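Worksheet: one structure, shown below.
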Amino acid sequence: MGWVPDLNLHRWDLSYAEARALQTTLARQVIQHGDLPEIRYVAGVDVGFEEKGSVTRAAVAVLAFPGLELLDYAVAKVPTQMPYIPGLLSFRECPAILAALSRLTVQPDLLFCDGQGIAHPRRFGVACHIGVLTGLPAIGVAKSRLCGKSAVLPEQKGARAELWDNNELIGNVVRSRTAVRPLYISIGHRISLNTAVHYVEACLTRYRLPETTRWADALASNRGQAVARANQILGR
DNA sequence: GCGACAG
DNA sequence: ATCTTGTCGC
C-alpha cells in the first residue's frame, strides 16, 4: 500500500477472546466525525469465498465521484484463517481486504465497506477496522442488522430512522429504494453519520445497493460478465 | 437457560 | 457467504 504510509497492523492469529479485547481497544481510535474535503474517488470493498470457503477473495472497486465511473479495481485471494462468527467478521475478512487495497493504483478518498461500522456490539465492525488500520475515511454499509433497535421504517425511498443500542445512536436505517429491505449505515472512521448517509445516497442509482458496493460485490464473487465489463472499461 | 446473530 | 430455477409481485 504505497499510498498508505502508516498501516497500523497487528497480529491476526488471535483467540476469540483476544480478538474481542482488541476490538474494544481499537474502538477508541475510531474518529466519529469529519466532513470530508473534496471527494474524488470512492471505493467499494467486498469479500467472497472460493474452494468451499478455504480461500477468501476480496475486491475493491474505485469509482469517480460524483460521476461513478469505474476507474480502477483490484482483487486478492488469501487462505481463510477464521470462520464466520457474529461480531468477529473483520478478523475473517480484513487480511484479504488489505491485500486487495495494496494492489490499487488510485488511492480512494472514502471507503464503503460491506458490513457494520460502529453499529457493532463493541462499536468496531469491519468498516472501523479497515478505517483505523489504513487511516482512510470509511463507512459501514450493511444489508442487515447486527445489533440495535430502530423504529418501523416507511416503505418509501429516502425513509430514514435512527439505530440505537444501549442508549447510544449507532447508525441509520435507510430505505435506498421503495419497498426494498433497508440499508444499515454507520460510521466506519473519520466521518460523521450524516455525512456517511449523504455519500451513500449520492452513490445510489436504480438499485438497492450503492454503485461502489455493487461493483465490489460483482468482482468479489468473480462474476464473469462483471469482470469482463470492468476490464473493457479499463482497457485491460 | 433462551434467543439473536454483519458476511 | 454459499448451494440453486423458476416464479410471484411492485
Side-chain angles (χ1 to χ4, degrees), chain A residues 12 16 19-20 23 26-27 30 44-61 75-100 111-132 138-150 153-159 163-166 170-189 193 196 200 206-210 212-224 226:
Chain A
W12 293 102
Y16 301 155
R20 292 190 183 94
Q23 290 180 317
L26 293 179
V30 173
V45 177
D46 193 26
V47 166
F49 297 89
E50 301 177 355
E51 307 301 316
K52 294 197 307 180
S54 62
V55 173
T56 301
R57 176 193 175 96
V60 185
V75 170
K77 301 179 188 180
V78 307
T80 303
Q81 296 290 9
M82 185 166 312
Y84 166 66
I85 296 171
L88 295 182
L89 175 71
S90 65
F91 288 88
R92 172 175 167 84
E93 302 191 341
C94 279
I97 293 173
L98 294 175
L111 260 28
F112 288 63
C113 298
D114 204 338
Q116 316 294 344
I118 65 171
H120 175 281
R122 290 168 292 284
R123 309 292 180 256
F124 200 70
V126 64
C128 299
H129 211 149
I130 290 298
V132 167
I139 301 174
V141 183
K143 297 185 292 297
S144 63
R145 182 194 69 95
L146 208 211
C147 65
K149 301 179 295 286
S150 58
L153 199 64
E155 289 296 311
Q156 288 65 42
K157 169 178 182 172
L163 182 63
W164 290 81
D165 188 42
N166 286 330
I170 61 174
N172 270 182
V173 182
V174 176
R175 193 83 71 181
S176 55
R177 290 209 66 192
T178 296
V180 300
R181 286 178 298 132
L183 259 28
Y184 292 76
I185 301 170
S186 59
I187 291 170
H189 189 50
L193 179 57
V200 169
R206 68 168 63 176
Y207 306 95
R208 179 167 82 117
L209 302 175
T212 42
T213 304
R214 295 187 69 246
W215 268 113
D217 230 58
L219 297 168
S221 53
N222 205 6
R223 284 159 36 187

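Quick note: numbers below take in every heavy atom, side chains included, and nothing from hydrogens, waters or symmetry partners. This is a predicted model, so every value here is computed, not measured.
- Among the atoms of the strands shown, only primed sugar atoms or phosphate atoms (P, OP1, OP2) are found under 4.0 Å from some heavy atom of A:F49.
- Geometrically, A:R20 does not engage A:F124 in a cation-pi contact, judged by NZ or CZ lying under 6.0 Å from the ring centre and within 45° of the ring axis.
- The nucleotide whose nearest atom lies closest to any side-chain atom of A:R145 is, among B:dA6, B:dG7, B:dA4, B:dA4.
- Atom CG of A:D165 and atom C1' of B:dC5 are 13 Å apart (whole Å).
- A distance cut-off of 5.5 Å between ring centres, combined with a plane angle under 30°, leaves A:Y84 outside any stacking arrangement with the base of C:dA1.
- Within the model, atoms CZ of A:F112 and CD1 of A:I139 stand 4.5 Å from one another, a figure rounded to the nearest 0.5 Å.
- Rounded to whole Å, the distance from CG on A:D217 to P on B:dG7 is 10 Å.
- Across all strands shown, A:G48 has heavy atoms under 4.0 Å from sugar-phosphate atoms exclusively, and none from any base.
- Across all strands shown, A:G87 has heavy atoms under 4.0 Å from base atoms, whether or not it also approaches the sugar-phosphate.
- The separation between A:F112 atom CZ and B:dA6 atom P is 22 Å, rounded to whole Å.
- In this structure, A:S221 and A:T178 both approach DNA chain C, and ranking their closest nucleotides by distance from the 5' end singles out A:S221.
- Residue contacts shown for A:A142 are limited to sugar-phosphate atoms, with no base heavy atom under 4.0 Å away.
- Rounded to a whole Å, the CZ atom of A:R181 is 16 Å from the C1' atom of C:dC10.
- Within 4.0 Å of A:L88, counting heavy atoms only, lies at least one base atom of the nucleic acid.
- Protein atom NZ of A:K143 is 16 Å distant from nucleotide atom P of B:dC5, rounded to whole Å.
- Using a 4.0 Å cut-off between a side-chain N of Lys or Arg and a carboxylate O of Asp or Glu, A:R123 and A:D165 qualify as a salt bridge.
- Shown are A:I187, A:L193, A:L163; of these, the side chain to side chain contact (heavy atoms under 4.5 Å, CB included) with A:I170 is made only by A:L163.
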For this session: Start with the C-alpha gap between A:D217 and A:R223, add the side-chain angles, then the distance that decides, and say whether salt bridge (charged side-chain N to carboxylate O under 4.0 Å, His left out) holds.
Result: CA-CA 9 Å; A:D217 230 58; A:R223 284 159 36 187; 5.4 Å; no
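- Taking atom CG of A:L89 as the reference point, atom P of B:dA6 lies 9 Å away to the nearest angstrom.
- The distance from atom CD of A:Q116 to atom P of B:dA6 is 8 Å, rounded to the nearest whole Å.
- If you take CZ of A:R122 and P of B:dA6, they are 13 Å apart, rounded to a whole angstrom.
- Take the nearest nucleotide of DNA chain C for A:A220 and for A:A179: the residue whose nucleotide is more 5' is A:A220.
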